[in-house]
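Note sheet for the following structure.
Every chain is numbered from 1, with letters handed out A, B, ... down the list of sequences. For the numbers below, each heavy atom of this structure counts, side chains included, while hydrogens, waters and symmetry mates do not.
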Number of protein chains: 2
Amino acid sequence: MPLTAEAIQKLKEKMKGKGFKLTGPRRKILEYLAENDGHPSAQEIHAAIRQMLPGTGMATIYRTMDLLARLGLVRALVLNDNRLHYEIDRDGDHHHHLICTGCRRVEEFASCTFEHLIGDIESATRFVVKRHDLEAYGLCPDCAHKARCAGE
Amino acid sequence: MPLTAEAIQKLKEKMKGKGFKLTGPRRKILEYLAENDGHPSAQEIHAAIRQMLPGTGMATIYRTMDLLARLGLVRALVLNDNRLHYEIDRDGDHHHHLICTGCRRVEEFASCTFEHLIGDIESATRFVVKRHDLEAYGLCPDCAHKARCAGE
DNA sequence: AAATAAATGATAATCGGTCTCATTTACCTT
DNA sequence: AAGGTAAATGAGACCGATTATCATTTATTT
């Protein structure tokens with residue numbers, strides 16, 4: 001479910017509000033992320049942006065993603081394939097990722113009982129817990145089926 | 001709590017039992033990991049091994065850690081600092097990590113009530129979950145204190 | 001429209017990790 | 001205990017993702 005035009009507008013305004021220029025590449029990157037949900041890598045974003053704005057350099061993608069992450073508009077994901085992936089940070093939407101080690105498909109799942117444990121962990125360790133990442137790796141239904149058919 | 005000499009012996013035998021040679025570097029790496037608990041990166045392991053076995057190459061560290069991980073003697077950890085970290089896999093000891101974003105200190109915490117979440121995820125998504133990573137990020141007591149003193 | 005600071009594109013540099021290959025070594029076999 | 005053999009090592013080339021540099025361009029301010 002892509003973001004609405006108003007939501008996209010809000011992202012752009014948050015950017016300008018913090019004193020950052022709303023440039024061509026930044027505008028396109030925001031639109032791309034908002035209109036396609038998924039978990040693209042910098043390379044994938046670069047390829048997509050180049051279709052609309054040829055000549056956009058890789059460095060700009062990295063710089064912009066870093067900025068968006070610092071602004072809290074985007075989250076960086078470690079999916080264990082030696083590159084960072086990104087997703088729009090829909091506020092209030094807490095979820096985690098399930099990565100198929102067969103085909104690299106990424107699914108999201110919402111249920112997270114971890115929140116309930118944070119208090120216990122904090123009192124046991126005296127840490128102040130800010131955030132947490134949870135990724136589960138396994139086989140998607142298709143790949144699990146194929147694996148089963150291939151015997152063992 | 002470092003591993004006992006017998007436990008270290010067991011690791012070495014598991015290695016030989018699977019048909020892998022117990023070489024100098026491998027022996028030292030196992031001993032290092034067993035005697036120091038912590039979550040060292042390949043670079044840290046390399047530095048430590050070189051003190052005992054100068055001339056040990058970086059590639060050997062990577063190859064050995066990969067082997068140990070495949071044998072299930074060691075687990076690789078993603079602690080969000082662009083490099084893998086490793087820890088001895090004490091069998092039956094399921095825990096997760098709490099990373100201080102201030103000083104990079106890593107603490108462990110056990111997650112007892114967490115396991116059934118995996119079952120929920122499997123039935124909701126029809127994935128077969130093989131493994132999962134959970135890391136919590138925050139501030140350790142020291143860094144939290146410093147942050148508080150520095151005023152918000 | 002000009003001034004100015006920030007952002008960009010091109011490209012070099014860095015850095016974790018992998019690959020290659022000639023040499024060495026653990027561990028059979030005798 | 002020496003010798004044979006495949007596996008493991010060390011050195012260094014290589015790779016791919018990310019970061020840094022710097023001259024040029026551009027969004028905003030005046």
Side-chain angles (χ1 to χ4, degrees), chain A residues 9 11-32 39-71 73-74 76-86 104, chain B residues 9 11-32 39-71 73-74 76-86 104:
Chain A
Q9 197 50 36
L11 293 177
K12 293 179 184 169
E13 267 148 30
K14 198 173 277 186
M15 182 144 218
K16 292 187 72 170
K18 299 259 185 170
F20 296 100
K21 293 182 182 174
L22 189 52
T23 62
R26 287 176 178 175
R27 192 188 305 273
K28 289 298 182 198
I29 289 173
L30 276 175
E31 287 168 6
Y32 169 72
H39 312 86
S41 63
Q43 282 76 1
E44 289 169 318
I45 297 168
H46 185 228
I49 299 306
R50 254 170 181 278
Q51 308 228 340
M52 314 187 254
L53 224 61
T56 304
M58 199 66 224
T60 296
I61 307 295
Y62 283 113
R63 281 182 296 228
T64 302
M65 297 319 294
D66 182 65
L67 173 64
L68 294 178
R70 278 185 289 117
L71 290 177
L73 304 182
V74 143
L77 311 176
V78 175
L79 302 182
N80 254 9
D81 64 347
N82 319 328
R83 52 173 60 73
L84 281 178
H85 292 250
Y86 302 90
R104 284 277 141 201
Chain B
Q9 197 51 36
L11 292 177
K12 294 179 183 169
E13 267 149 29
K14 197 172 278 188
M15 182 146 219
K16 292 186 70 168
K18 298 261 184 169
F20 296 100
K21 294 181 181 175
L22 189 52
T23 64
R26 286 176 178 176
R27 192 188 304 271
K28 290 297 181 199
I29 290 172
L30 276 175
E31 288 168 5
Y32 169 72
H39 313 85
S41 63
Q43 283 75 3
E44 289 169 316
I45 297 168
H46 185 229
I49 299 307
R50 255 170 179 279
Q51 307 227 340
M52 313 187 254
L53 224 62
T56 304
M58 199 68 224
T60 296
I61 307 294
Y62 284 114
R63 281 182 296 228
T64 302
M65 296 321 292
D66 183 63
L67 174 64
L68 294 178
R70 277 185 290 117
L71 290 177
L73 304 181
V74 143
L77 311 176
V78 175
L79 303 182
N80 254 9
D81 64 347
N82 317 328
R83 52 174 59 73
L84 281 179
H85 291 249
Y86 301 90
R104 285 276 140 200

Reported CG-to-NE2 distance for the pair B/Leu79 and B/His39, which is rounded to 0.5 angstrom: 7.5 Å
Positional range of nucleotides in DNA chain C within the contact set of chain B, heavy-atom, under 4.0 Å: C/dG16 to C/dC27
For DNA chain D, the residues among residues 49-65 of chain A that have a non-hydrogen atom under 4.0 Å from it: A/Ala59, A/Tyr62, A/Arg63
Between the protein and nucleotides 28-30 of chain D, which nitrogen or oxygen pairs come in under 3.5 angstrom?
{"unit_1": "D/dT28", "atom_1": "OP1", "unit_2": "A/Leu22", "atom_2": "N", "d": "3.3"}

Spacing of A/Asn82 atom CG relative to D/dA17 atom C1', expressed in whole Å: 9 Å
Nearest-0.5 Å distance, OG1 of residue A/Thr64 to CG of residue A/Leu71: 10.5 Å
Contacts of A/Lys16 that satisfy salt bridge (Lys or Arg N to Asp or Glu O under 4.0 Å) - sequence neighbours left out: none
Protein-nucleotide distance (A/Arg70, atom CZ; D/dT19, atom P), rounded to Å: 11 Å
Rounded distance [0.5 Å steps], CD1 in B/Ile61 versus CD1 in B/Ile29: 4.0 Å
Between the first and last five pairs of the helix from C/dA1-D/dT30 to C/dT30-D/dA1, the angle of the axes, rounded to 10 degrees: 30°
Non-neighbouring partners of A/His85 that pass ring-ring contact (aromatic ring centres under 6.0 Å, His included), sequence neighbours left out: none
Neighbour count >12 (heavy atoms, 6.0 Å) for atom NZ, B/Lys14: no
